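See structure below.
Because the structure is a prediction, the values reported are computed rather than measured.
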Amino acid sequence: RGRDVPLVAFNVDNIHASDLSFFLDQEGVATRAGHHCTQPLHHRLDADSGSVRASLSFYNTPDEIDQFLAILTDVIAFFGDINNPADADGAPPQDFLGGVAPPRPAASAAG
């Protein structure tokens, strides 16, 4: 009792926690970024930029969790595209769970 807390704090390599939280917000996902009153722990974990925290409640559905994970995967892929505009080895990008990320739509040449 009191041990099951429906939240997760996480980091993604090469993405600042505040940037990740901001772009999740742009997609309609509310998270918090920062140290969450645990600066010494973040420092010990070599996460000096803090972490992103996602919280659930009794009214969240499994579909909403799946939607969160899909949006998170897309935002991480966005940062991957910025940080690695061309894959030197031609390998597909990896999603945050270690699988191959789904293909992204090609950019329109119109404009």
Side-chain angles (χ1 to χ4, degrees):
R1 201 177 138 141
R3 300 176 102 177
D4 296 329
V5 179
L7 65 84
V8 61
F10 60 93
N11 288 310
V12 177
D13 288 342
N14 301 315
I15 305 175
H16 193 281
S18 294
D19 293 336
L20 184 56
S21 185
F22 173 82
F23 281 94
L24 287 169
D25 180 63
Q26 296 302 300
E27 297 296 323
V29 176
T31 60
R32 296 290 180 258
H35 292 104
H36 320 295
C37 299
T38 61
Q39 286 94 339
L41 175 62
H42 280 87
H43 182 70
R44 182 172 179 154
L45 296 173
D46 197 27
D48 291 319
S49 70
S51 60
V52 177
R53 186 181 70 212
S55 303
L56 300 171
S57 190
F58 63 89
Y59 51 77
N60 291 111
T61 66
D63 287 340
E64 289 172 324
I65 296 167
D66 291 342
Q67 184 178 10
F68 164 71
L69 293 174
I71 292 170
L72 179 62
T73 299
D74 288 347
V75 170
I76 292 169
F78 167 77
F79 278 100
D81 290 347
I82 289 173
N83 294 331
N84 303 304
D87 291 311
D89 62 0
Q94 300 291 305
D95 72 11
F96 75 103
L97 295 175
V100 174
R104 300 194 59 179
S108 171

N/O donor-acceptor pair under 3.5 Å between H36 side chain and T38 backbone: no
Give the minimum heavy-atom separation between R53 and S55, together with the two atoms involved. NE-OG, 4.0 Å
Looking at every heavy atom in both H35 and H42, which two are closest together, and how far apart are they? O-CE1, 3.2 Å
Out of D66, I71, L72, which residue meets the side-chain contact (heavy atoms from CB on, under 4.5 Å) rule with F68? L72
Check: R32 and S21 side chains under 4.5 Å, non-hydrogen atoms: no
Do you know which two heavy atoms are closest between S51 and A9, and how far apart they sit? OG-CB, 3.8 Å
Taking CD in Q67 as the centre, count heavy atoms belonging to other residues, nucleotides or ligands within less than 6.0 Å. Is the count above 12? no
Closest non-hydrogen atom pair between S49 and A17, with its separation: O-CB, 3.9 Å
Main-chain N/O of L24 paired to E27 side chain as donor or acceptor, under 3.5 Å: no
Nearest 0.5 Å please: distance from the CG atom of L20 over to the CG atom of N11. 8.5 Å
Could you see if L41 belongs to whatever hydrophobic cluster contains V52? Use Ile, Leu, Val, Met, Phe, Trp, Tyr and a side-chain cutoff under 4.5 Å. no
Cluster link V12 to I65, ILVMFWY, side chain under 4.5 Å: yes
Please work out whether the ring planes of F23 and F78 are parallel, tilted or perpendicular, with thresholds of 30° and 60°. tilted
Over all atoms of both residues, closest heavy-atom pair of I76 and I15: CA-CD1, 4.3 Å
Could you grab the distance from atom CG of L45 to atom CG of D48, nearest 0.5 Å is fine? 9.5 Å
